[in-house]
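Values below: all heavy atoms of this structure, side chains included; hydrogens, waters and symmetry mates excluded.
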Amino acid sequence: QSVQSNALLVLGDLCVRYTNMTDRYLPVMASCLQNGTNENISILERSSVVRKHAVLLLSSLLLQDYIKWRGLLFHRFLVACSDEDEEVAVLAESVLSGPLMVRNPKLFFNHFVESIFVLNKCVAHPVYVSASRQGDGGSGIAVSFDGINLDGHEGELRRRNMYNFMLSKLSDEEKIGVTARLAKEVLGEA
């Protein structure tokens with residue numbers, strides 16, 4: 001796993017040094033937020049180092065404006081908040097609700113409704129399609145949600161925890177706004 005961590009750090013350095021390459025490497029770096037989570041437990045424990053490095057590196061690049069919230073990057077960060085490794089989960093929550101939220105106070109408000117569609121993998125819904133294509137500039141290179149499975153009872157609990165985490169960061173006014181936006185999306189489909 002040290003090779004993966006080092007490769008991630010090299011990609012981060014490339015994004016800083018050669019900013020025109022950022023879009024090409026962002027999907028690979030973002031996938032490291034869930035590195036090894038679909039594999040057996042011993043690999044999961046070892047790959048938590050890669051996931052921690054991914055959280056720190058991507059948040060640093062976001063804070064320095066080398067990368068933007070493109071595609072489903074926010075949702076990959078959100079899934080990291082419910083990581084099986086508590087240290088990864090706490091780190092991701094701290095970064096999202098700390099410096100990244102200070103930098104973008106409407107972060108949770110802007111992404112809450114689309115999170116419902118993305119976390120439930122409603123891939124045919126226009127909200128999901130729009131979120132997945134956001135910021136790819138027509139290149140077709142965007143952060144995807146591939147390899148993330150939140151199905152079943154365990155997935156339901158994890159999704160609920162992510163929704164509760166986001167709701168805890170919203171003001172009462174923002175919660176009303178989210179409710180209105182969600183109602184509009186649901187009624188828009190009817």
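Under the 4.5 Å side-chain criterion, counting only non-hydrogen atoms from C-beta, Leu150 is in contact with Met162. Using a 4.5 Å heavy-atom cutoff, the side chains of Met166 and Ser115 are in contact. The closest side-chain heavy-atom distance from His125 to Val129 is not below 4.5 Å. The shortest side-chain heavy-atom distance between Arg181 and Phe109 falls under the 4.5 Å cut-off. Leu58 has its side chain within reach of Leu26: a pair of non-hydrogen atoms, C-beta onward, lies under 4.5 Å apart. When side chains are defined from C-beta on, Glu114 counts as touching His75, because their heavy atoms get closer than 4.5 Å. Side-chain contact between Leu96 and Cys81 is present, with at least one heavy-atom pair separated by less than 4.5 Å. Side chains of Leu100 and Trp69 form a contact here, defined as non-hydrogen atoms less than 4.5 Å apart.
The backbone N or O of Thr179 lies less than 3.5 Å from no partner atom in the side chain of Lys184, so there is not a single donor-acceptor pair. When atom types are taken as modelled, the side chain of Asn120 and the backbone of Cys122 share no donor-acceptor pair closer than 3.5 angstrom. The main-chain N or O of Pro126 is never found under 3.5 Å from a side-chain atom of Ser130 such that the two would form a donor-acceptor pair. Remark: side-chain polar atoms of Arg159 are not paired, donor with acceptor, to backbone N or O of Leu119 under 3.5 angstrom. Although no hydrogens or angles enter the test, the distance criterion places no donor-acceptor pair under 3.5 Å between the side chain of Ser60 and the main chain of Leu56. Panel note: side chain Thr19, backbone Val16; no donor-acceptor pair is recorded below 3.5 Å.
Gln34 and Arg76 share a donor-acceptor pair across their side chains, judged by distance under 3.5 Å alone.
Cys32 and Arg51 get closest at one heavy-atom pair: O-CG, 3.4 Å. Of all heavy-atom pairs between Lys175 and Leu167, the closest is CE-O, 3.2 Å. Closest heavy-atom contact between Ile148 and Lys121: O-NZ, 3.0 Å. Nearest heavy atoms, Ser144 versus Leu72: C-CD1, 4.1 Å. Of all the heavy atoms in Val118 and Ala131, the pair that sits closest is CG2-CB, 4.4 Å. Between Val143 and Ala30, the shortest heavy-atom distance links the atoms CG1-CB, 3.6 Å.
Distance CG/Leu57 to SG/Cys15: 7.5 Å, rounded to 0.5 Å. Of the inter-residue distances, the one linking Ser48 atom OG with His53 atom NE2 reads 9.5 Å to the nearest 0.5 angstrom. Atoms CD and CG, on Glu156 and Asn161 in that order, are 10.5 Å from each other to the nearest 0.5 Å. Rounded to the nearest 0.5 Å, atoms CZ (Arg103) and CD (Gln64) are 9.0 Å apart. Going from atom CG of Asp13 over to atom CG of Leu8 covers 10.0 Å, rounded to the nearest 0.5 Å. Rounding to the nearest 0.5 Å places CZ of Phe74 at 11.5 Å from CG of Leu62.
A centroid separation of less than 6.0 Å is found between the aromatic rings of Phe108 and Phe165.
Under the 4.0 Å criterion applied to side-chain N and carboxylate O atoms, Arg158 and Glu84 are assigned as salt-bridge partners. A salt bridge links Glu174 with Lys106: the closest approach of a Lys/Arg side-chain nitrogen to an acidic carboxylate oxygen falls below 4.0 angstrom.
With hydrophobic clusters built from ILVMFWY side chains whose heavy atoms lie under 4.5 angstrom apart, Val49 does not share a cluster with Leu9. Note on Ile116 and Ile176: separate hydrophobic clusters, where clusters join Ile, Leu, Val, Met, Phe, Trp and Tyr whose side-chain heavy atoms are under 4.5 Å apart, directly or indirectly. Both Val10 and Val28 belong to a single network of hydrophobic side chains, linked directly or stepwise wherever heavy atoms of I, L, V, M, F, W or Y lie under 4.5 Å apart. Residues Leu91 and Met101 are members of one and the same hydrophobic cluster, defined by side-chain heavy-atom contacts under 4.5 angstrom among Ile, Leu, Val, Met, Phe, Trp and Tyr. Tyr18 and Leu61 fall within the same hydrophobic cluster, defined by Ile, Leu, Val, Met, Phe, Trp and Tyr side-chain heavy atoms under 4.5 Å apart, directly or through other members.
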- Task: Carefully, step by step, assess Arg70 and Asp23 under the rule side chain to side chain contact (heavy atoms under 4.5 Å, CB included).
- Result: CA-CA 9 Å; Arg70 297 175 188 242; Asp23 291 340; 3.4 Å; yes

